[in-house]
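Beneath this line is the structure, given in structure tokens, with notes to follow.
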Amino acid sequence: MTSGWIGIGKVRARETGETVELTIDGLTTQAKYYKPLVYEFMRKEWSSRPSYGDYTVEILMEHVGDPPWLDLDNLAKALLDAIKGYLFHDDAQVARLLVERHEGERERITIRVFPRQASGRSG
């Protein structure tokens with residue numbers, strides 16, 4: 001089952017089966033910028049409850065032109081802190097974490113979260 005995108009600002013999310021996908025439009029070199037932005041979205045817009053068990057989290061930063069001077073580990077920590085308590089209870093539930101950047105058509109961050117046993121991958 002796929003639900004439509006929710007959110008009309010910089011942050012949007014949707015559920016496809018057991019996979020939750022969030023997108024954040026725009027990039028900044030300040031990883032700390034993303035935590036309150038995503039946290040506010042989750043607090044105001046998200047209605048699902050966190051679950052237990054192991055999770056896979058995939059974070060993709062798309063940039064246009066040269067990549068921003070941003071440490072991916074700091075970005076991952078800020079985003080995990082923001083979704084903790086909404087998609088899973090604790091960071092310790094993240095059994096697999098993939099963080100990458102590549103050139104894209106727009107500046108955006110995509111976060112995909114799914115239970116470890118589910119494939120979660122699409123094409």
Side-chain angles (χ1 to χ4, degrees):
M1 181 188 120
T2 301
S3 68
W5 289 96
I6 60 169
I8 56 173
K10 288 185 173 285
V11 181
R12 298 182 324 137
R14 69 177 175 183
E15 287 185 89
T16 305
E18 293 185 300
T19 301
V20 174
E21 185 175 6
L22 287 95
T23 63
I24 306 165
D25 290 335
L27 291 179
T28 176
T29 57
Q30 297 295 313
K32 64 185 178 185
Y33 164 82
Y34 297 107
K35 184 177 177 180
L37 189 68
V38 173
Y39 172 80
E40 276 301 300
F41 171 83
M42 298 304 286
R43 190 176 68 79
K44 292 180 178 178
E45 308 271 349
W46 197 249
S47 59
S48 297
R49 295 276 181 235
S51 298
Y52 289 101
D54 286 346
Y55 278 85
T56 295
V57 178
E58 298 174 350
I59 300 171
L60 171 63
M61 179 208 308
E62 294 178 75
H63 58 88
V64 176
D66 291 335
W69 201 253
L70 175 65
D71 292 339
L72 290 181
D73 60 329
N74 292 336
L75 176 65
K77 183 63 177 155
L79 295 172
L80 289 173
D81 284 348
I83 62 176
K84 177 177 63 180
Y86 295 98
L87 302 182
F88 45 79
H89 291 279
D90 190 85
D91 291 354
Q93 291 177 255
V94 178
R96 180 174 181 264
L97 176 62
L98 172 67
V99 186
E100 62 183 359
R101 70 169 188 235
H102 70 77
E103 194 163 357
E105 295 179 14
R106 65 170 58 170
E107 295 190 331
R108 137 177 89 196
I109 294 172
T110 302
I111 307 165
R112 296 179 72 242
V113 179
F114 50 91
R116 179 77 166 132
Q117 72 277 8
S119 67
R121 287 203 168 271
S122 58

Of the non-hydrogen atoms in [X] and [Y], which two are nearest, and what is the gap between them?
X   : Y   : answer
A31 : A78 : O-CB, 3.5 Å
I59 : A76 : CD1-CA, 3.8 Å
T28 : Y34 : N-OH, 2.8 Å
P50 : G85 : CG-O, 3.4 Å
P68 : H63 : CD-CB, 3.8 Å
S51 : H89 : O-CD2, 3.3 Å

Worked check of side-chain contact (heavy atoms from CB on, under 4.5 Å) between K10 and L37: CA-CA 8 Å; K10 288 185 173 285; L37 189 68; 4.3 Å; yes

Non-hydrogen side-chain atoms of [X] and [Y] separated by less than 4.5 Å:
X    : Y    : answer
E62  : T110 : yes
F114 : V20  : no
R96  : R116 : yes
M61  : L72  : yes
V38  : I24  : yes
P115 : Y55  : yes

Can you list the residues that meet the side-chain hydrogen bond (donor to acceptor under 3.5 Å, both in side chains) rule with [X], with sequence neighbours excluded?
X   : answer
S48 : E15
E21 : R14
D25 : none

Within 6.0 angstrom of R106 CZ, more than 12 heavy atoms from elsewhere: no

Residues V11, L22; criterion side-chain contact (heavy atoms from CB on, under 4.5 Å); working and verdict: CA-CA 7 Å; V11 181; L22 287 95; 4.3 Å; yes

Interatomic distance, E58 atom CD to T19 atom OG1 [nearest 0.5 angstrom]: 8.5 Å

Candidate pair Y39 and Y86, rule side-chain contact (heavy atoms from CB on, under 4.5 Å), full reasoning: CA-CA 9 Å; Y39 172 80; Y86 295 98; 3.5 Å; yes

Should [X] and [Y] be counted in the same cluster of Ile, Leu, Val, Met, Phe, Trp and Tyr side chains packed under 4.5 Å apart?
X    : Y   : value
I111 : L97 : yes
I83  : F41 : yes
L60  : L27 : no
I109 : L70 : yes

Under 3.5 Å donor-acceptor, E45 side chain and M42 backbone: no

Main-chain N/O of G53 paired to Q93 side chain as donor or acceptor, under 3.5 Å: yes

Positive for side-chain contact (heavy atoms from CB on, under 4.5 Å) with K77, one of L75, D73, N74, D81: D81

With L80, the side-chain contact (heavy atoms from CB on, under 4.5 Å) member among D90, V57, L87, V113: V57

Derivation of the side-chain contact (heavy atoms from CB on, under 4.5 Å) call for E105 and V64: CA-CA 6 Å; E105 295 179 14; V64 176; over 6 Å; no

